[in-house]
Number of protein chains: 2
Amino acid sequence: MAKRAQTTRVGISDVAAKAGVSLATVSRVMNGNLSVDPQIATRVRATATELKYQPNPTGRNLARGKTDTVGVVVPDLGNPTFQSVLRGVSRAAALDGYRVLIADSSEVSSEESILASEARRRCDGVVLCAPRMSPAELEELAPSLYPMVLVNRTTDATSSPSVIVDYGKGIQDLAAHLMELGHTRLAYVAGPESSASNGLRLAGLATFREANPSIEIQVLPNGSTFEDGYNSAAAVLDSGATGIMAFNDLTAMGLLSNLNERGIRVPAELSVTGFDDIPFARYTTPALTTADVPIVEVGEQAWRQMRDLLNSPEGNDAGASTPEGVTRTFSPSLVVRGSTAAPASKAQ
Amino acid sequence: MAKRAQTTRVGISDVAAKAGVSLATVSRVMNGNLSVDPQIATRVRATATELKYQPNPTGRNLARGKTDTVGVVVPDLGNPTFQSVLRGVSRAAALDGYRVLIADSSEVSSEESILASEARRRCDGVVLCAPRMSPAELEELAPSLYPMVLVNRTTDATSSPSVIVDYGKGIQDLAAHLMELGHTRLAYVAGPESSASNGLRLAGLATFREANPSIEIQVLPNGSTFEDGYNSAAAVLDSGATGIMAFNDLTAMGLLSNLNERGIRVPAELSVTGFDDIPFARYTTPALTTADVPIVEVGEQAWRQMRDLLNSPEGNDAGASTPEGVTRTFSPSLVVRGSTAAPASKAQ
DNA sequence: GTGAAAGCGCTAACAT
DNA sequence: ATGTTAGCGCTTTCAC
């Protein structure tokens, strides 16, 4: 037990005593239960205010079997994408009276499962961003994490809802844009190989290739940072392509920077596109044509899916078979700015 | 009570029964209490693993009177500064087995106090980032938030520890750098008036002025975004100053962008400095001279202060008078790059 | 070294 | 409409 050297923390019983009612009544009043005499309710509320009584959430949590908290598991809190997802979840959840507990695995993927389970135990559900986790591991983990909402991936194990960004469509839109401009030789400056969203872009390009056999698309292995983009310039120039699709805005900006130093004019000699539409994209010289990814909305939607799960009749216990296999897809939207134009001489 | 339509959640009693010991023993084993016979301990652990038993944190929290969770209150999760503080706290706290609960007031300062109190009740302590909260409100709130650590501000009410960035020193370093370069007419393109860190920069400049009466420093009211910086160009040029200190890197970059469009050469005609040293700062043209703010470290330090408070003999109850009035200050460090140089003709 | 039992602060049957 | 009471799942005295 807890024979604590307690100071003066006000508990529900203090209020009950002072207001001359039972604990249950105080509890009812505090929870807005209408079945309390208005007069008494008022008196109890006054007493609570006077005593500065604030219900202890832990006690409540234990009694109600829920915490009004949702966990958000991310591989890296330094990554703008996950920061935005987190923000989206946090704000949307707050509107429903829920809070967010963070679980940052700091890129240590071996800890991811443990972290996620831990978070799940402390919360009513988990929003999982685990792009690198193997499908097998995810499948094994999924049941114990229910209710769970997946971001940017799906799983068959449990029919957990997913919120995903259609990176494949985004890159296709970009490729189509370049094609329509008259480019016939394109190059994709790829992201990290381990990146799931890079895989999605690659798949999108494969689709595009099939539909447009006349267009050449080279894939140039690269990374995800500004510097990676900067360092890709030589390969880009060697490729002979006139339409360059960078993995994201950051690499596009790095590329732009190097190209500028070399005196290569964009978009006159080379068209360049980014991906994400980060705030800076509009301020590069020239302003960057890119695909806007509504990532905060992804977080908001993830919360909504979670809320539906939490409110579903199935209840929130582990293992149960569940109905909600919903996948919500967000499509990036093409944002045309100054970094793309018709190719210099060639086609068109 | 809770006559729940419970499914098969494994509790401590299940383990106790199956292992043929008492609840207390299982608890002791799970908590690494050495006073348990090694043989029994092993058996209990095996049973726990077999049953996939995981202690319920809520029950633990209630019994122990603590949650192993710290709340981080921020005015805006979209602001890179707070994102970094959050990240610093989260990672440092994780190393000590603590988790982070987010409270994002979404700039609604009227909710800030309530949010902070709410967070405090759910957690063992609170890291408060509330730059706009009035000193009076903070003073009133502080006692009920204990243990609390303040970021970028102090209060006298409770002697809560603070972790602050010395923006005043940073801007003075920048001014001194320009002065040493030979500039005698400086201009500070200010941030938002409501910004506390802007006030700190202003105060730093006042100090600098006193120490260096021969240097002229104009203050040009402005904002905090890239666009604000862009739009400040006219005023900057009108000022006649040759050394320009922007509120932060973003506004510096906006200014740079406009200056570039006008064909004004930096640093040949005008020297420009930023503040923060965001990752992009090194990639502008020319690369930005700025003051690096170790903001993630601020978050980490905030956690350490919190940990000290949590471990202090005073215990973590409200109202108690406490010893720790420690303020930890981080000084920005000057980062000289290409955007500053000796003035064209004038002095030197 | 181990178990029995008393809580931690609250909610929710159930009875009145 | 209100009170009584039995828990929620765990920790921790206290006695053995």
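Only a predicted model underlies this, so the values are computations on that prediction, with no experimental measurement involved. The figures here come from the full heavy-atom set of this structure, side chains too, leaving out hydrogens, waters and symmetry mates.
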Hey, does the side chain of B:Asn31 come within less than 4.0 Å of D:dT11's phosphate (OP1/OP2), counting only N and O?
-> yes

Give a yes/no on whether any side-chain N or O of B:Arg64 is located under 4.0 angstrom from OP1 or OP2 of D:dT11.
-> no

Between C:dG9, D:dG3, D:dT12, which nucleotide gets closest to the side-chain atoms of A:Ala63?
-> C:dG9

Identify, between A:Ala24 and A:Leu34, the residue whose nearest nucleotide on DNA chain D lies closer to the 5' end.
-> A:Leu34

Nucleotide nearest B:Asn56 (side chain, heavy atoms from C-beta), chosen from C:dT2, D:dT11, D:dC10 = D:dC10

Choosing from D:dA1, C:dC10, D:dG3, which nucleotide comes nearest the side chain of A:Tyr53?
-> C:dC10

Between C:dC8, C:dA12, D:dC10, which nucleotide gets closest to the side-chain atoms of B:Leu62?
-> C:dC8

Distance below 4.0 Å between A:Ser27 side-chain N/O and C:dC10 OP1 or OP2 = no

Atom CD of B:Gln54 and atom P of D:dC10 are separated, to the nearest Å, by 11 Å

Which part of the nucleic acid, if any, lies within reach of A:Thr25 when heavy atoms closer than 4.0 Å are counted: base, sugar-phosphate only, or nothing?
-> sugar-phosphate

Tell me what A:Pro55 touches on the nucleic acid: a base, only sugar-phosphate, or nothing, going by heavy atoms under 4.0 Å.
-> sugar-phosphate

If you check the A:Ile40 side chain, which of D:dT2, D:dG3, C:dC10 turns out closest?
-> D:dT2

How about A:Arg122 and B:Asn56: does a side-chain donor come under 3.5 Å of a side-chain acceptor?
-> no

Minimum-distance nucleotide to A:Arg28 side chain [options: C:dA5, D:dC10, D:dT2] = D:dT2

Do any side-chain nitrogens or oxygens of A:Arg60 fall under 4.0 Å of OP1 or OP2 in C:dT11?
-> yes

For the side chain of A:Ser22, starting at C-beta, report the closest nucleotide among D:dG3, C:dG9, D:dT11.
-> D:dG3

To the nearest 10 degrees, what angle separates the axes at the start and end of the helix from C:dG1-D:dC16 to C:dT16-D:dA1, five pairs each?
-> 40°

Hey, are B:Asp104 and A:Ser90 close enough side-chain-wise for a donor-acceptor pair under 3.5 Å?
-> no

A:Glu139, CD: over 12 other non-hydrogen atoms inside 6.0 angstrom | yes

Comparing B:Pro38 and A:Val26 on DNA chain C - which has the more 5′ nearest nucleotide = B:Pro38

How far does CG of A:Leu141 sit from CD of A:Glu137, to the nearest 0.5 angstrom?
-> 7.0 Å

